[in-house]
Amino acid sequence: MGTKVRKPLSPARYLFLLFLAAVLVGSLFLSLPFAHREGVSLRPVDALFTAVSAVCVTGLTTVDVHATFSPAGAGIIAFLIMIGGMGVAGLIISTALFLGFRVGLSQRTIIQESYNIGSLKGTLTVLKTVVIASLIVQGIGTMLYYPSFSELMGAKDALGYALFHAVSAFNNAGFDLMGSFSSITGFAGDGRYLFVTSALIITGGLGFFVIADTLRSRFRWKRLGMHTKMVYTFTSVLLLLGAFSFFMTGDLSFSDSIFLSVTARTAGFSTLDIAALGHLQMLILMILMFIGASPGSTGGGIKTTTMLTILLALNPFRKSREAALFSRGIEKESIQKAYHVLILGLFTVLACTAVLLGAESEETAPFSLLFESVSAFATVGLSTGVTPHLSTLSKSALMVSMFIGRLGPITIASTVLRKESTLGYIKERVFIG
């Protein structure tokens with residue numbers, strides 16, 4: 001009787017297990033006494049929620065980060081954010097490369113899955129770009145943040161705050177150390193601070209493949225690949241449309257409207273009270289959050305190229321029979337995948353909202369719970385203020401939603417579904433519509 005050969009884990013399952021391990025280890029460290037301020041205790045569910053939010057670069061919090069965590073605890077959160085932004089697999093494999101280990105085909109496949117790269121070609125180049133770009137941009141962000149914080153505190157604390165916020169902004173995490181769940185409302189009038197934050201958010205949300213392609217082409221538009229052009233184009237359209245919509249539908253200043261449109265890229269920072277926004281503005285914000293950043297980036301959402309692909313496929317005015325842009329057609333497989341991501345994303349948000357509606361009292365506004373669900377799935381971190389008051393069941397639903405949003409609905413589905421059979425079925429006509 002022969003020995004049964006055990007099949008290797010798929011890249012999707014590797015990613016799932018690596019992210020899960022990072023969350024559990026992070027939660028354990030955040031639960032230890034040295035991670036808290038003196039006299040402050042942290043419930044296990046809140047430690048787990050913080051770890052999930054950090055690794056999934058979301059920013060939703062059930063506790064006041066500044067009042068709860070010590071400098072060591074804040075350092076752990078920052079490290080978890082970096083792991084989540086760069087990708088656990090990318091961090092491990094890049095460390096192996098640094099130590100001189102060989103990276104084989106299986107490791108390259110995991111990198112491909114982690115950063116949503118179309119092929120195995122150039123995976124190590126993208127990985128090197130991820131590491132180098134992350135460190136350089138976050139370093140520059142720290143230096144640019146330092147003057148703003150040095151006006152409020154001593155040099156040592158200012159450096160720590162600058163580093164933490166640079167890591168959080170570039171990785172689109174939305175965590176802050178300002179206390180009282182105030183986000184960065186204290187910097188609402190600081191143009192220098194908001195410009196640095198916006199630049200970090202947008203850079204992190206473009207995607208590492210886009211950064212690598214931009215450097216490869218030496219910033220020449222004609223040499224850029226179609227994916228990169230789609231990201232730059234749709235990102236610009238969303239930022240401008242978002243800012244214009246916020247400005248025209250309420251009494252927000254133009255600077256607040258611009259920053260709100262930027263932070264909807266799944267960053268989670270806010271210069272104003274989100275709960276004070278009108279329902280129309282919150283709906284616009286949820287749409288922008290749901291679309292999110294770009295593939296292979298530090299941001300979440302269904303991604304810019306997903307939404308643009310769907311819009312191009314649905315365009316009734318196109319001249320050719322296929323969806324196309326920049327004189328290039330889009331593969332049918334990409335269009336089909338875009339629809340899958342959209343449907344799975346909507347299902348996740350609706351399922352999470354259903355759990356929250358069932359678990360919370362009728363006094364909690366349903367619109368706020370829907371907003372919370374979108375924010376969790378899109379790994380944004382913006383909130384109307386209900387997060388700390390949610391039940392354990394609701395917090396669990398948000399954690400699952402954040403996890404799905406960060407890894408991607410299709411990646412999560414790949415970990416639980418069996419491999420497709422090569423056998424087909426007899427086809428029959430189904431009447432649609």
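The structure presented is a predicted model; accordingly, all values stated were derived computationally and were not measured. Quick note: numbers below take in every heavy atom, side chains included, and nothing from hydrogens, waters or symmetry partners.
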Exercise. Does a side-chain heavy-atom distance below 4.5 Å link Leu238 with Leu288?
Worked result: yes
Problem set entry | Ser391 backbone acceptor or donor facing Glu360 side chain under 3.5 Å | yes
Exercise. So, Ser294 and Ser297: side-chain donor and acceptor under 3.5 Å apart, yes or no?
Worked result: no
Problem set entry | Under 3.5 Å: donor-acceptor pair, side chain of Ser375, backbone of Leu382 |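 Indeed, once roles are kept as given, a pair shorter than 3.5 Å links the two residues.
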Problem set entry | Flag, side chain of Thr58 to backbone of Val380, donor-acceptor distance under 3.5 Å | no
For this session: Quick one: list whatever passes salt bridge (charged side-chain N to carboxylate O under 4.0 Å, His left out) with Arg216, sequence neighbours left out.
Result: Asp213
For this session: Verify, without hydrogens or angle tests, whether Thr298 (side chain) and Phe170 (backbone) share a donor-acceptor contact under 3.5 angstrom.
Result: yes
For this session: Identify the heavy atoms of Met178 and His66 that sit nearest to each other, and give their distance.
Result: C-CB, 4.4 Å
Exercise. Got a donor-acceptor contact below 3.5 angstrom from the Thr263 side chain to the Leu260 backbone?
Worked result: no
Exercise. Do you see a donor-acceptor pair shorter than 3.5 Å between the side chains of Ser183 and Ser270?
Worked result: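 Distance-only check fails for Ser183 and Ser270.
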Exercise. Looking only at heavy atoms, which two atoms of Phe49 and Thr387 are closest? And how far apart?
Worked result: CZ-CG2, 4.0 Å
Listing, residues 397-405 side-chain donor-acceptor contacts under 3.5 Å, not counting sequence neighbours, or none:
residue	atom	partner	partner atom	Å
Ser401	OG	Phe377	N	3.4

For this session: Tell me whether the centres of the aromatic rings in Phe149 and Phe187 are closer together than 6.0 Å.
Result: yes
For this session: Mind listing the closest non-hydrogen atom pair of Ile330 and Met230 along with its distance?
Result: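 In this case the closest contact between Ile330 and Met230 is CD1-CE, 4.4 Å.
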Problem set entry | Qualifying residue, where the test is ring-ring contact (aromatic ring centres under 6.0 Å, His included) with His227 and the options are Phe326, Phe234, Phe209 | Phe209
Problem set entry | Gly205 versus Ala293, closest heavy-atom pair with distance | O-CB, 3.5 Å
Exercise. Would you find a donor on one side and an acceptor on the other, under 3.5 Å apart, between the side chain of Ser27 and the backbone of Val23?
Worked result: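 Side chain of Ser27 to backbone of Val23, a donor-acceptor pair under 3.5 Å: no, none is there.
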Exercise. Is a side-chain N or O of Ser168 found less than 3.5 angstrom from the main chain of Asp176, in a donor-acceptor match?
Worked result: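 A pair under 3.5 Å: no.
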For this session: Could you pull out the closest heavy-atom pair between Thr185 and Ser182, with the gap in Å?
Result: OG1-O, 2.9 Å
